[in-house]
There are 2 protein chains.
Amino acid sequence: MEKIFDLADIENLERFYRVNFTTKISGIQSPNLIGTLDQNGNSNLAIFNSVIHISSNPPTLGFLQRPLTVHRQTYENIKMKGFFTINSVTTDFIKNAHQTSAKYSNGISEFEQCNFTEQYIDNFQIPFVKESPIKIGMSWEEEHLIQSSGNIFIVGKIQKIILDDSLLANDGNVLLEKINLAGVAGLDSYFKLEKIARFEFARP
Amino acid sequence: MEKIFDLADIENLERFYRVNFTTKISGIQSPNLIGTLDQNGNSNLAIFNSVIHISSNPPTLGFLQRPLTVHRQTYENIKMKGFFTINSVTTDFIKNAHQTSAKYSNGISEFEQCNFTEQYIDNFQIPFVKESPIKIGMSWEEEHLIQSSGNIFIVGKIQKIILDDSLLANDGNVLLEKINLAGVAGLDSYFKLEKIARFEFARP
């Protein structure tokens, strides 16, 4: 039976019900692991479900940081160093990737706790996730405070992309169907993906 | 073989290669159809691949609008009316949903051209997509100009959610696995989804 929730209904939902509900209604995203370093050189790794493409020129990606009402290691490290990495998540390691969302103490690395391997590539100063088939080195570019909730939309510029050349088609298409890329709904539900169509640029 | 692209390599890529490449490296998203009305009451419907959850309290979602270097019907309609709808896309109608990305002339509705049915629910003044299993009525709340590229990040507040109650678990979880929700990579590649895991809140 069709059910209609108005704003007042949603505001009156029990807190965990509302989180489960509102985080999933817009569909699925790709989880990504964001790698950073703190001022003492300790590595940090955290799963984010909000990485989106912004622009191809300049090449930029964005993601949402939760409000700074508590200590946010990833955010502080990004602001401190100016650089971070974005690493893809495959279904082979979703459990370990999910585990990076646990609140580990400062100085304890999720790389080690969650069985990921730090990989330094070229001169990029922040570790990539060796297990990730697509690795992106990013620089902080700008950020926008969402007034209504205190979240921060962070914009980064792509400085480096590392992937196996077998994933790249002649037209620049990335063959995501060749890796077991994971999808995620809300904060807890994981999906596998199967490519079913590629369409031409649409014309009336 | 592992391939490394630095920023200069990416900037020097042929334009369409660069778009294919950079729009897919961060993984997949859910496509959503955004419905609007213009000042004359003409409906508009357009596919967006960037809708993300921002906050549960207040309940907000965000999406990226491309730069206003050309006429952007969805954006102008949202600013004019203050309201819009976000409608889910299933694999049953990805071809029609993709077709809404074609540049139709002003006053020609993608609802009609792409075989979607306008549905008005309660007193919400903007049409929903009848075919979408999850329908969200939104109000414009704030927007942020991305300085580096001219994109606009639009924040909307959820005013109404319509879905079948069989999709809702007792804890507010939305059972996306019960609908054939589509995923999309970049601007052209569509995926079907299969749920494989739901994990508990992670603790160290």
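Heavy atoms only: backbone and side chains are in, while hydrogens, waters and symmetry mates are out. Every chain is numbered from 1 and lettered A, B, ... according to where its sequence line falls, protein lines coming before strand lines.
A donor-acceptor pair under 3.5 Å links the side-chain atoms of A:H98 to the main chain of B:E200, judged by distance alone. Looking at A:D6, its side chain never comes within 3.5 Å of a backbone N or O of B:K160 through a donor-acceptor pair. The backbone N or O of A:M1 lies less than 3.5 Å from a partner atom in the side chain of B:D164, making a donor-acceptor pair.
With a threshold of 4.5 angstrom between heavy atoms, B:L168 approaches chain A through side-chain atoms but not through N, CA, C or O. Looking at B:A8, neither its backbone nor its side chain comes within 4.5 Å of chain A, counting heavy atoms on both sides. With a threshold of 4.5 angstrom between heavy atoms, B:N32 approaches chain A through side-chain atoms but not through N, CA, C or O. Contact of B:N170 with chain A is made through the backbone alone, with heavy-atom distances under 4.5 Å. Of the atoms belonging to B:Q113, not a single heavy atom falls under 4.5 Å from chain A. Residue contact with chain A, scored on non-hydrogen atoms closer than 4.5 Å, involves the backbone and the side chain of B:Y104 alike. Both the backbone and the side chain of B:L163 have a heavy atom closer than 4.5 Å to some heavy atom of chain A. Looking at B:L145, only its backbone comes within 4.5 Å of chain A, counting heavy atoms on both sides.
Counting heavy-atom pairs closer than 4.5 Å to chain A, the top residue among B:Q147, B:E14, B:R198, B:R203 is B:R198. Between chain A and the options B:D171, B:N57, B:I52, B:V174, heavy-atom pairs under 4.5 Å are most frequent for B:D171.
Using a 4.5 Å heavy-atom cutoff, the side chains of B:K157 and A:S148 are not in contact. Between A:Y17 and B:N173, the closest side-chain pair of non-hydrogen atoms is not below 4.5 Å.
Residues of residues 124-138 of chain B placed with any heavy atom under 4.5 Å of a heavy atom in chain A are listed by number as B:I134, B:K135, B:I136. Among residues 64-74 of chain B, the residues having any heavy atom closer than 4.5 Å to a heavy atom of chain A are, in sequence order, B:L64.
Under 3.5 Å, the side chains of B:Q29 and A:S30 contain no donor-acceptor pair of N or O atoms. A side-chain N or O of B:S56 and one of A:T22 form a donor-acceptor pair less than 3.5 Å apart.
Ring pair A:F153/B:F153 is parallel by interplanar angle, where below 30° counts as parallel and above 60° as perpendicular.
When A:I196, A:I28, A:L193 are each tested for a side chain to side chain contact (heavy atoms under 4.5 Å, CB included) with B:F191, only one passes: A:L193.
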